[in-house]
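On a predicted model such as this, the values are computed, not experimentally measured, just so you know. We're numbering straight along the sequence, starting at 1.
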Amino acid sequence: MLSRNIDSDVLRVIQRSIDAKKFNFDQSELVYLYNESKRFAAENGRKPEKNSKDKLEVKMAYALAQIQDLKARRAQNGGR
């Protein structure tokens with residue numbers, strides 16, 4: 001019965017939550033990687049990908065996943 005309730009959006013949320021836990025970033029690293037990922041997106045016309053061969057791009061992708069996960073958890077907890 002559970003499988004009928006799981007769609008692509010739910011799977012994306014699950015994957016993002018898993019990705020958010022792959023690296024242990026502190027706040028300063030997240031800020032740095034967020035700014036780098038904005039620069040990366042402006043230069044390359046796409047977001048960083050976790051399957052890239054470039055280690056910095058991979059770290060940026062996982063940092064973005066962690067930031068998105070943090071935002072979702074805060075929204076779920078009423079903004080706390």
Original post:
Which pair of non-hydrogen atoms, one from Lys59 and one from Phe25, has the smallest distance, and what is that distance?
Top reply: O-CZ, 3.6 Å
Original post:
Leu56, Leu30: one ILVMFWY side-chain cluster at the under-4.5 Å cut-off?
Top reply: yes
Subject >> Pairwise distance CG(Asn51) to CD(Glu57) - rounded to 0.5 angstrom >> reply: 9.5 Å
Original post:
Once you round to the nearest 0.5 Å, how far does CD of Gln68 lie from CZ of Arg73?
Top reply: 13.0 Å
Subject >> CG-CD distance between Asn24 and Gln66, expressed to the nearest 0.5 angstrom >> reply: 7.0 Å
**OP:** Tell me whether Ile67 is reachable from Val31 by hopping between hydrophobic residues (I, L, V, M, F, W, Y) whose side-chain heavy atoms are closer than 4.5 Å.
**Re:** no
Original post:
Do you know the tightest heavy-atom contact between Ala61 and Pro48?
Top reply: CB-O, 3.6 Å
Original post:
Leu64 versus Leu33: any side-chain heavy-atom pair under 4.5 Å?
Top reply: no
Subject >> Chi angles and distances behind the side chain to side chain contact (heavy atoms under 4.5 Å, CB included) call for Phe40, Lys47 >> reply: CA-CA 7 Å; Phe40 178 90; Lys47 290 182 178 181; over 6 Å; no
Subject >> Working for side-chain hydrogen bond (donor to acceptor under 3.5 Å, both in side chains), residues Asp26 and Ser28 >> reply: CA-CA 6 Å; Asp26 63 29; Ser28 63; 2.8 Å; yes
Subject >> Met60 CE to Asp54 CG distance, which is reported to the nearest 0.5 Å >> reply: 6.5 Å
**OP:** Mind running side chain to side chain contact (heavy atoms under 4.5 Å, CB included) on Glu36 and Tyr32 for me, showing each step along the way?
**Re:** CA-CA 6 Å; Glu36 287 297 308; Tyr32 170 76; 3.5 Å; yes
